[in-house]
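Step one of this worksheet: look at the structure below.
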Amino acid sequence: MAQICLSLTGRSIAENLSVLELYRGKVDLVELRADHLEASEMLHLRSFPERAGLPCILAVRRRKDGGSFEAGEGVRLVMMAKGLTHARMESEANFAYVELESDFHVPAIEEACRIFGTRIIRSYHDFEGSGIDRLDELWSEVAEEADEIPKLALACRGARDFATLLEWSRRLPDRDRILVGMGPYGFPSRVLANKTGSLLVYTSALAAGLPSAAPGHTDPSTLLDTYRFREIGPASEVYALGGGTAVTASLSPQLHNAAFSRAGLDAVFVPFPAEDAASFLASAEAAGAKGAAVTVPHKEGILPYLSSVSDEVASVGACNTILREEGGWRGFNTDVTGFELDILDFLGRKDLFGLRATVIGAGGAARAVLSVLSRLGAGALILNRTLAKARALAKTFDFTWAANDERAQQLVAEKYSDLIVNATSLGMEDGSPAEPFDWYEYQGHEAVYDIVYRPAETAFRRRAMAAGCRTRNGWGMLRHQSAAQFRIWTGREPPSSYLE
Ligand code: ATR
């Protein structure tokens with residue numbers, strides 16, 4: 001099983017040791033990133049493994065490999081020699097591993113490693129992404145010596161690069177190795193290290209405020225608590241979350257993984273950031289995913305790739321849930337169920353007859369919202385930046401439309417102000433902080449619903465609250481729609497953890 005390695009990027013040995021204390025018991029080994037140390041600290045490298053009390057990797061990473069080390073190779077050599085030298089006392093621990101790059105061959109250092117029992121990690125880093133096109137060639141560069149551990153850390157330019165890396169890893173001989181897909185698109189390679197057969201997964205002490213040691217690192221606690229890393233093995237079932245690069249901030253992995261745990265399922269739910277729906281499916285298929293959640297901005301883009309769809313998907317024209325079926329993927333829309341349950345709860349009603357609502361947005365989420373409003377008997381005004389999309393949706397659902405600007409003030413205030421729903425992704429964490437409805441003057445009686453749930457309070461919601469309106473965010477909708485996804489994927493009743 002892959003081990004969890006904490007990369008320490010503190011400026012002093014003491015700082016690194018005190019950060020390590022926060023993670024003791026959670027991580028299996030540590031990597032001392034000596035390139036982040038202040039010059040005076042480098043003298044004390046040798047004492048680190050003994051003081052850390054865990055197996056340690058020594059890495060002095062150069063700038064070109066994504067590190068901070070700028071002095072020449074001579075100085076780097078001296079640092080490594082200092083770290084790998086004789087112990088002062090025989091019992092003092094040595095570095096268990098040292099990282100040497102594929103273009104760094106110094107016989108004296110390699111000899112010292114063999115004498116002191118330090119294993120060499122032979123690495124190649126690529127930050128541009130073209131490394132994924134040369135996997136066999138790079139492997140032969142790092143895998144030359146049988147007693148070394150080959151390591152490839154390669155940026156993924158998109159979800160297909162991760163798929164390529166994963167599929168290629170299955171053809172590798174059975175030996176210790178470290179494989180990392182870097183950057184947001186490589187995120188699943190970290191959580192699924194047991195699927196790529198990587199000896200370890202690198203993490204950073206993000207919760208302790210240390211800088212990320214490389215693009216795409218998570219905090220060890222996230223791996224353990226959100227993704228149940230210790231329980232994911234090569235045979236675990238994978239469920240994927242497909243969306244843009246912001247999906248790594250989604251709260252749905254917490255919901256689904258907690259539910260899998262509660263239900264005793266050997267399964268994991270992992271974000272697969274993807275540039276488009278087809279690339280998402282390619283990466284999910286490479287990981288053998290049984291099902292997936294689909295979110296912004298792929299809810300409509302996924303439609304052409306589905307072999308069958310539920311009635312909701314057909315009427316809404318957007319899909320947020322897929323299930324592997326014979327010969328393809330079947331699409332569902334649980335946003336509809338999620339919004340229906342939560343809006344009725346918010347408004348304390350059993351239906352919406354007589355209610356007049358304004359919906360901002362005309363994307364996939366807006367379609368789900370509008371279909372619920374229509375089915376429950378409400379009237380609605382659709383406002384959108386792109387007028388043609390608002391018009392098309394208004395036609396579909398027999399609603400009214402207008403441009404999303406101050407010219408609609410009177411129409412909203414006088415006719416469609418019982419309920420205001422933000423169905424755009426504006427305000428979402430890691431996305432645009434803009435408010436989609438900033439021109440509207442609230443009267444204070446409007447019920448205001450924001451489908452965004454992270455952050456809990458967006459600028460849109462705060463302005464409505466300040467005007468005295470009753471508001472709610474999309475957290476309840478997410479919980480209800482996630483529970484419905486669980487039912488679709490597993491055929492079982494969702495555990496109560498979804499709504500607790
Ligand atoms: P989703 O599937 O989550 O609904 P989407 O289909 O990409 O995502 O739709 C995003 C919605 O947010 C659209 O209504 C979009 O307006 P356009 O139709 O004009 O693109 C809206 N949106 C996104 N960014 C916006 C911005 N900066 N200002 C106003 N509206 C925006």
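First listed ligand is number 1; within each ligand, the first listed atom is number 1.
Each ring-ring contact (aromatic ring centres under 6.0 Å, His included) pair with one or both residues in residues 386-423, not counting sequence neighbours, would appear here, but there are none.
Using a heavy-atom distance under 4.0 Å as the criterion, the protein contacts of ligand 1 are Val296, Lys299, Glu300, Gly361, Ala362, Gly363, Gly364, Ala365, Asn384, Arg385, Thr386, Lys389, Thr424, Leu426.
At a threshold of 4.0 Å, the pair Glu500-Arg262 counts as salt-bridged, since one of the basic side-chain nitrogens sits closer than that to a carboxylate oxygen.
Across every non-hydrogen atom of Glu435 and Ala459, the tightest pair is CG-C, 3.8 Å. Residues Asn194 and Ile232 share a closest heavy-atom pair of ND2-O, 2.7 Å. Between Gln409 and Glu441 the shortest heavy-atom distance is OE1-N, 2.9 Å.
Relative ring orientation between Phe486 and Tyr498 is described as perpendicular, the plane-to-plane angle rising above 60° on a 0-90° scale split at 30° and 60°.
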